[in-house]
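Data first, discussion second: the structure below is written as C-alpha cells.
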Amino acid sequence: MTKKNTVPIVLDAHYDLLMDVLLFRLRGERSVLERRFLPDLRAGGVNALVCSVFIDDAYVPEGALRNALDQISAFYADLEDSPSFMLCKSARECREAAASGKIAMFLSLEGAEPLGRDLLLLDIFYRLGVRMLGLAWSRRNYACDGISFLPRTAGSFEGSLTDFGRELVCRAMALGMIIDVSHLNDAGISEIAEMTDAPYIASHSNCRALCASPRNLSDAQMKELAAHGGVMGMNAFGPFAASGREERNAEALLKHLDRVVRICGAAHAGLGFDLCSGLEALKAGYSPEGDTDLFASHAEARAKFIDEVRARYTEEEAAAILGENFMRVIDAVLK
C-alpha cells in the first residue's frame with residue numbers, strides 16, 4: 001500500500017535503455033536521458049525504472065565485460081547531464097527521487113556474461129551501483145542455462161545452475177542483491193527457489209498457461225515465487241502475451257495480470273514491460289508483422305494498460321501492482 005504523504009511509485013522493472021544511452025553518447029549527444037526518454041516517461045506516469053545491462057550476442061564472450069562497463073560509464077556520464085534522473089540503491093533513495101520529481105533508476109545485469117566465471121567481478125558491479133542480478137538472457141553462460149528463442153530439441157537447455165552459478169547466487173544474496181529469474185530455464189528457477197528464503201523476482205515474464213512460450217512462468221513457478229514474497233512483472237512483448245498475432249493486444253496482457261492476481265494475489269504482480277521496439281540499438285530485431293511490443297511507448301502503455309489497471313482494481317491493489325510490490329522486495333533485500 002502506498003504510504004501517506006509520499007509520491008506513488010510507478011515502476012517498470014525492465015527497460016534496456018542503457019544501450020541507447022551508450023549509442024547516442026558515442027555519436028556525440030549529451031543529455032540522452034532528458035532528451036530521448038524523459039518526455040515519454042512523464043507522459044506514461046512512470047517515475048522508477050530498472051535499467052538492464054543487456055549484452056548483445058556480438059560482444060559475447062570476449063567483449064561482454066567491456067560492453068557492460070561501457071554502458072554503465074555512459075549512464076553515469078549522462079546522469080551528470082540529465083538532472084531529472086537519479087541512480088538509486090535503496091527503496092529510500094527511490095522514494096526521495098520521486099518526491100523531488102526525479103525518475104529513480106536502478107541497475108540490473110541481464111545475464112551473467114559480463115562476469116565470465118570471475119566471482120570477484122560481481123563485487124565490482126555492486127560498487128558501480130548494480131543491485132539486481134538476472135542470471136540469464138536467452139543463451140547459456142558460465143552460471144546457468146537461459147531459455148533460447150531458437151527451436152531446440154527435447155532435453156536441451158535443461159541444466160540447473162553450474163557450481164559457479166551457485167557461488168554467484170550466494171555471493172549476490174550476501175551483498176544484498178535481488179535475484180531475477182526471467183530468462184532462466186525451469187531447472188534453474190527451481191534451484192533458486194530451493195536456495196533462498198528471500199524474495200526473488202521475475203522482472204519481465206507472463207503466464208505460461210495463457211501463452212505457451214517457455215519464457216513465461218508456469219502456475220507452479222508463480223506460486224513458488226509468491227511463497228517467497230516475490231513479484232513478476234508483466235511483459236509487453238507480443239509473443240509472450242499471446243500465441244496468435246491477432247490476439248496480441250493490451251487485453252491479452254491484462255488477462256495475464258488477472259491470472260497472476262487470481263492465483264498468487266495482487267501482492268505479487270507488477271510491471272516489467274521490456275519495451276524494446278522503440279530503442280535505436282535494437283530496432284533491427286523487431287518486425288512490423290507482429291513479433292513486436294504491445295505498446296510503442298510508456299505513454300501508450302499508460303493509456304492502454306496502466307490506466308486500465310487503476311480502473312479494474314481497488315486503489316490499494318492498483319498501487320501495489322504499479323509499483324509498491326517491487327518496492328517491497330527492494331526494501332526487503334537491498335542493503
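On a predicted model such as this, the values are computed, not experimentally measured, just so you know. Sequence positions, counted from 1, serve as the residue numbers for this chain.
Residues Met232 and Ile201 are not in side-chain contact: their nearest non-hydrogen atoms beyond the backbone lie 4.5 Å or more apart. Two residues are said to be in side-chain contact when any heavy atoms from C-beta on lie closer than 4.5 Å; Met132 and Met177 fail this criterion. At least one side-chain heavy atom of Gln71 sits less than 4.5 Å from a side-chain heavy atom of Ile55. Between Arg36 and Asp20, the closest side-chain pair of non-hydrogen atoms is not below 4.5 Å. Here the side chains of Leu253 and Arg248 are not in contact, with every heavy-atom distance at 4.5 Å or above. Proximity of Ile72 to Val53: side-chain heavy atoms (C-beta onward) are separated by under 4.5 Å at one or more points. Residues Val333 and Pro199 form a side-chain contact, since some pair of their non-hydrogen atoms from C-beta on lies under 4.5 Å apart.
By the ring pair (Phe, Tyr, Trp, His ring centres under 6.0 Å) test, His14 pairs with His204, sequence neighbours left out. For Phe54, the ring pair (Phe, Tyr, Trp, His ring centres under 6.0 Å) partners at least two apart in sequence or on another chain are Trp137. Residues satisfying the ring pair (Phe, Tyr, Trp, His ring centres under 6.0 Å) test with Phe295, not counting sequence neighbours, are Phe273. Under the ring pair (Phe, Tyr, Trp, His ring centres under 6.0 Å) criterion, His298 pairs with Tyr15, not counting sequence neighbours.
Between Phe106 atom CZ and Lys89 atom NZ the span is 11.5 Å, to the nearest 0.5 Å. For the atom pair CG of Leu18 and SG of Cys51, the computed distance is 5.0 Å after rounding to the nearest 0.5 Å. If you take CD on Glu34 and OG on Ser84, they are separated by 3.5 Å, rounding to the nearest 0.5 Å.
The hydrophobic cluster containing Leu26, built from Ile/Leu/Val/Met/Phe/Trp/Tyr side-chain heavy atoms closer than 4.5 Å, also comprises Leu22.
Taken together through direct or relayed side-chain contacts under 4.5 Å among Ile, Leu, Val, Met, Phe, Trp and Tyr, Met86 and Ile9 form parts of separate hydrophobic clusters. Leu210 and Leu271 end up in different hydrophobic clusters when Ile, Leu, Val, Met, Phe, Trp and Tyr side chains are linked at under 4.5 Å.
Between the side chains of Ser205 and Asn235, no donor-acceptor pair is found at a separation under 3.5 Å.
A salt bridge links Glu251 to Arg312: at least one charged side-chain nitrogen sits closer than 4.0 Å to a carboxylate oxygen. Salt-bridge formation is detected for the pair Arg166/Glu191: a Lys NZ or Arg NE/NH1/NH2 atom is positioned less than 4.0 Å from an Asp or Glu carboxylate oxygen. Ion pairing between a basic and an acidic side chain is recognised when a charged N comes within 4.0 Å of a carboxylate O; Glu300 and Lys304 show such pairing.
Shortest non-hydrogen contact noted between Asp12 and Asp274 is OD1-N, 4.3 Å. When all heavy atoms are compared, the tightest approach of Asp145 to Gly159 is OD2-N, 3.1 Å.
Within the 3.5 Å criterion, the main-chain N or O of Cys276 finds a donor-acceptor partner in the side chain of Asp293.
Within a 6.0 Å radius of OH in Tyr142, no more than 12 heavy atoms belonging to other residues, nucleotides or ligands are found.
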For this session: Step by step, work out the salt bridge (Lys or Arg N to Asp or Glu O under 4.0 Å) result for Asp258 and Lys255.
Result: CA-CA 5 Å; Asp258 290 342; Lys255 289 179 180 178; over 6 Å; no

For this session: Determine, step by step, whether Asp331 and Arg328 satisfy the salt bridge (Lys or Arg N to Asp or Glu O under 4.0 Å) criterion, reporting the C-alpha distance in whole Å, the side-chain angles of both residues, the deciding distance to 0.1 Å, and the verdict.
Result: CA-CA 5 Å; Asp331 192 44; Arg328 182 189 71 245; over 6 Å; no

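Each salt bridge (Lys or Arg N to Asp or Glu O under 4.0 Å) pair with one or both residues in residues 57-75, not counting sequence neighbours, appears once here: Asp57-Arg139, Arg66-Asp70.
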